[in-house]
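The chains referred to below are lettered A, B, ... by the order of the sequence lines, with proteins before strands, and numbering in each begins at 1. Atoms considered below: every heavy atom in the structure, side chains included; atoms not considered: hydrogens, waters and symmetry mates.
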There are 2 protein chains.
Amino acid sequence: MRRKLTLKDIARELGVSISTVSKSLKNSEEIGRDTKEKVQAFAKLYNYKPNNIAVSLKNKHTKNIGVIIPDIVHYFFTTVFRGIEKYANSLGYNVIICVSDESFDKEVINTELLANGSIDGFIMALSGETQLKNDYRHLTEVTEQGIPLVLFDRVTDEIKCDKVLLNDTEIAFEAVSKMIKAGRKKIALLTTENFFNVSINRELGYRKALEEHGLAVNENLILRLPFNEQIDGIYPFVSNNEIDAVLAVNEIFAIHAMGILQSKGMKVPEDISFIGFTNGLLSKYASPPLTSVAQHGDRMGELAAKMLIERIEMNFVEGKEEDFRTEIIKGTLIERESTVN
Amino acid sequence: MRRKLTLKDIARELGVSISTVSKSLKNSEEIGRDTKEKVQAFAKLYNYKPNNIAVSLKNKHTKNIGVIIPDIVHYFFTTVFRGIEKYANSLGYNVIICVSDESFDKEVINTELLANGSIDGFIMALSGETQLKNDYRHLTEVTEQGIPLVLFDRVTDEIKCDKVLLNDTEIAFEAVSKMIKAGRKKIALLTTENFFNVSINRELGYRKALEEHGLAVNENLILRLPFNEQIDGIYPFVSNNEIDAVLAVNEIFAIHAMGILQSKGMKVPEDISFIGFTNGLLSKYASPPLTSVAQHGDRMGELAAKMLIERIEMNFVEGKEEDFRTEIIKGTLIERESTVN
DNA sequence: TTGATTTACGAAAACGGTTTCGTGTTAATA
DNA sequence: TATTAACACGAAACCGTTTTCGTAAATCAA
């Protein structure tokens with residue numbers, strides 16, 4: 001078990017000082033040609049790599065970014081994460097990821113853990129419980145310490161920071177309008193209890209579409225599933241209501257509802273249309289394939305990482321603050337066979 | 001922007017030495033009651049938290065574990081990761097994740113990046129390219145440095161380390177046997193080019209099942225899709241071969257093939273049966289729902305993390321080596337409507 | 001030859017902790 | 001009362017870097 005080579009080792013071996021070694025490896029002008037070459041050759045030969053931890057301690061930055069998301073087995077978050085990882089990696093940043101599991105406590109613990117020097121900045125989507133409790137002290141703590149933070153998808157106005165969001169309202173409006181124009185009149189909304197900003201906004205778009213097309217909003221056609229994935233609520237809902245279209249805030253709700261109604265003999269899209277959020281594998285491989293809104297997670301992740309890293313590196317030159325941006329990613333309605341044109 | 005409190009700050013404020021503060025916060029017996037209480041009260045009041053980086057540098061361990069997987073938008077890997085994260089977190093470890101994107105170079109870069117002090121140990125599933133190239137020098141490098149490593153799912157015999165695997169051969173055998181017993185005779189295998197240990201083993205189980213039940217292996221019924229997801233190859237294959245059952249090494253292949261054949265008028269499971277690996281959302285929500293082998297990613301991840309952390313903490317007491325374990329997780333055949341009983 | 005620069009390098013502080021060891025006080029013992 | 005042990009704390013080394021600053025030797029100008 002070879003121990004890792006340190007500057008001190010090289011210095012001893014070559015009979016020079018540690019500072020000379022350090023400077024040589026950085027190709028400093030201060031050091032003479034011969035010495036530099038000697039040191040560099042030695043370092044290459046024995047495959048010297050600086051100790052990240054020591055560098056981090058000295059330089060006060062870690063080149064790590066912390067990501068906290070509510071769930072990892074989840075198509076959308078996973079694509080966002082891919083976007084973050086790809087962009088961050090290309091700039092030499094590593095990603096430390098924690099999952100809050102939709103729990104407030106875990107979110108708090110994780111952010112405190114990471115905030116103590118492990119990372120240079122955070123990218124987060126709020127946990128369900130956090131949005132429910134509306135308690136963001138752990139986040140103000142973070143921002144007050146000057147740690148850059150960008151929130152995506154599940155955000156809050158309470159925290160002043162960079163944000164990246166989907167145009168939830170607009171795209172929900174677009175989706176519902178599409179179905180209305182195709183002649184649908186009894187359009188159901190499958191959503192979650194609305195302490196989520198995304199649920200609220202999508203519902204807003206849904207209502208607006210109905211209203212602008214002269215359709216009354218029937219509150220009975222809005223199903224708000226409780227937080228803990230009580231997908232079972234869908235069965236009685238779709239069984240007991242006469243509907244000819246469904247907008248669901250995720251693909252699971254949509255596919256599940258579609259399956260139920262198909263088994264009851266309804267034809268998709270002849271008798272009923274479906275549109276879901278999250279353009280994942282489920283949508284692609286359903287039968288019929290599901291029309292759905294692509295949230296462009298990769299793009300969101302990339303943008304979030306870009307904003308974060310800009311802010312991190314701005315801090316070095318003591319940039320100005322308070323000019324937080326919130327960027328909107330435009331969703332795309334991917335039309336498949338679960339709707340008619 | 002409040003700067004973080006350090007031991008030095010507390011020491012100065014309280015008129016004691018840094019060592020006294022440090023020891024007080026660890027509740028050392030060396031320090032008198034009053035002093036300890038004073039320090040602890042002050043620390044709590046101003047919410048002192050030690051700097052992780054400094055602690056890591058001093059203690060030579062980071063409480064971080066590095067995970068490198070080929071893909072993150074992938075049900076199985078994602079469940080494994082969840083298992084790792086949950087277990088690691090419960091023991092105070094954080095998880096740094098890198099995705100190799102099935103690329104050898106990225107895998108190498110990422111492992112080298114993390115190996116330089118950022119983590120205490122690795123959990124990895126090999127990238128496709130790595131298994132293809134059969135070049136594992138970056139891993140021997142890691143193990144030679146005494147960094148614990150556990151490989152899961154995509155492993156190699158070339159590296160001596162802890163491993164956790166699915167009983168691929170046995171469970172494939174079981175799956176195929178089930179279909180044979182239900183009267184299927186023309187069973188196709190949808191797999192990948194076999195530089196993957198998993199593909200090899202699953203094929204082994206497939207062949208063994210046929211042979212043990214007195215069925216000849218028809219090489220034409222084995223489709224090896226090239227590495228870069230050339231799922232398009234499935235269409236001509238299932239169109240041009242007469243088959244009554246399919247075993248696929250992942251759910252996407254299975255669902256895709258099922259969709260094609262259904263659109264050609266075949267009834268599932270009356271005319272043809274399907275079994276896939278990866279018991280994900282796709283399997284659950286397909287119509288009909290897909291019988292599939294659950295790989296118990298959560299359990300694999302938890303076990304991998306357990307083995308890794310045991311080895312990490314063993315190192316502290318200079319434990320013995322060379323007694324590497326490879327644990328086998330038993331897959332479970334989840335029977336749904338794509339097969340008959 | 002002398003003084004001023006430049007060159008090439010080393011000493012040491014710093015990052016923020018942990019830990020060993022030494023020491024001045026006080027309490028216990030002979 | 002003198003000796004020793006226990007107690008409570010501080011000084012300093014250390015982890016592996018980076019970086020500032022000081023300085024001896026070499027080079028230059030006068």
Side-chain angles (χ1 to χ4, degrees), chain A residues 2-40 42-43 46-64 113 115-120 145-146 316, chain B residues 2-40 42-43 46-64 115-120 145-146 315-316:
Chain A
R2 260 183 6 244
R3 212 177 51 81
K4 276 237 98 182
L5 207 60
T6 70
L7 288 185
K8 195 195 285 190
D9 298 328
I10 301 182
R12 186 177 2 84
E13 218 61 35
L14 259 37
V16 296
S17 78
I18 294 180
S19 15
T20 300
V21 177
S22 176
K23 289 169 190 164
S24 296
L25 293 176
K26 306 192 115 53
N27 231 320
S28 159
E29 287 307 319
E30 253 183 289
I31 305 297
R33 254 179 132 333
D34 307 358
T35 311
K36 273 202 289 199
E37 280 172 7
K38 185 175 63 175
V39 172
Q40 287 170 2
F42 187 94
Y46 290 101
N47 192 29
Y48 168 79
K49 294 275 168 50
N51 178 313
N52 294 154
I53 298 292
V55 174
S56 292
L57 178 59
K58 180 63 195 174
N59 290 349
K60 310 271 240 161
H61 62 256
T62 60
K63 283 269 186 175
N64 284 153
L113 219 58
N116 291 116
S118 300
I119 51 113
D120 296 340
Q145 279 180 31
F316 289 154
Chain B
R2 261 186 1 244
R3 214 177 51 81
K4 278 236 97 181
L5 206 60
T6 70
L7 287 187
K8 196 195 283 189
D9 298 329
I10 301 182
R12 185 177 2 85
E13 219 62 36
L14 259 36
V16 294
S17 78
I18 293 180
S19 16
T20 301
V21 177
S22 177
K23 289 169 191 164
S24 296
L25 293 176
K26 305 193 114 53
N27 230 321
S28 158
E29 287 308 319
E30 254 183 290
I31 306 297
R33 255 179 132 328
D34 306 358
T35 311
K36 273 202 290 197
E37 279 174 7
K38 186 176 64 175
V39 172
Q40 287 170 4
F42 187 94
Y46 290 102
N47 193 29
Y48 168 79
K49 295 273 168 49
N51 178 312
N52 295 155
I53 298 291
V55 174
S56 293
L57 180 58
K58 179 65 193 173
N59 290 349
K60 312 270 239 159
H61 63 255
T62 60
K63 282 268 187 178
N64 284 154
N116 291 116
S118 300
I119 50 113
D120 295 340
Q145 279 179 30
N315 267 6
F316 289 154

Proximity to the side chain of A:Val55 - top-ranked nucleotide from D:dG16, D:dT18, C:dT18: D:dT18
Side-chain atoms of A:Ile18 come closest, of D:dG16, C:dG16, D:dT18, to D:dT18
Counting distance alone, no hydrogens or angles: does the base of C:dC21 have a donor or acceptor under 3.5 Å from a partner atom on the side chain of B:Glu30? yes
Base, sugar-phosphate, or nothing for B:Ser56, non-hydrogen atoms under 4.0 angstrom? nothing
Please confirm whether any donor atom in the side chain of B:Lys58 sits under 3.5 Å from an acceptor in the base of D:dC14, or the reverse. yes
Think B:Tyr48 has a side-chain N or O under 4.0 angstrom from the OP1 or OP2 of C:dG16? no
Whole angstrom is fine here: how far is it from NE2 in B:His61 over to P in D:dG16? 14 Å
Do other residues, nucleotides or ligands put more than 12 heavy atoms under 6.0 Å from the NZ atom of A:Lys49? yes
So which one's nearest nucleotide on DNA chain D is more toward 5', B:Val16 or A:Ala54? B:Val16
Distance criterion of 3.5 Å, no angle test: do you see the side chain of A:Thr20 paired donor-to-acceptor with the base of C:dA8? no
Does A:Thr6 have a side-chain nitrogen or oxygen under 4.0 Å from the phosphate oxygens OP1 or OP2 of D:dC15? no
Would you confirm whether B:Ser22, through its side chain, and B:Ile18, through its main-chain N or O, come within 3.5 Å as a donor-acceptor pair? no
Distance, nearest 0.5 Å, that separates CD of B:Gln145 from CG of A:Asn47: 8.0 Å
Could you work out which one of C:dG16, C:dT18, D:dA8 sits closest to the side chain of B:Asn59? C:dT18
May I ask you to say what B:Lys23 touches in the nucleic acid, namely base, sugar-phosphate or nothing, with a heavy-atom cut-off under 4.0 Å? base
Side chain to side chain contact (heavy atoms under 4.5 Å, CB included) partner of A:Ile53, chosen from B:Ile53, B:Asn64, B:Asn52: B:Ile53
Residue whose closest nucleotide on DNA chain D lies nearer the 5' end, A:Lys8 versus A:Ser19: A:Lys8
Looking across every strand, which nucleic acid part, if any, lies under 4.0 Å from A:Ile10 by heavy atom: base, sugar-phosphate, or nothing? nothing
What's B:Ser22 touching, base or sugar-phosphate or nothing? Going by heavy atoms closer than 4.0 Å. base
Intermediate values then yes/no, side-chain contact (heavy atoms from CB on, under 4.5 Å), B:Val39 and B:Lys23: CA-CA 10 Å; B:Val39 172; B:Lys23 289 169 191 164; over 6 Å; no
For atom CG of A:Leu57 and atom P of D:dC15, their distance in whole Å: 14 Å
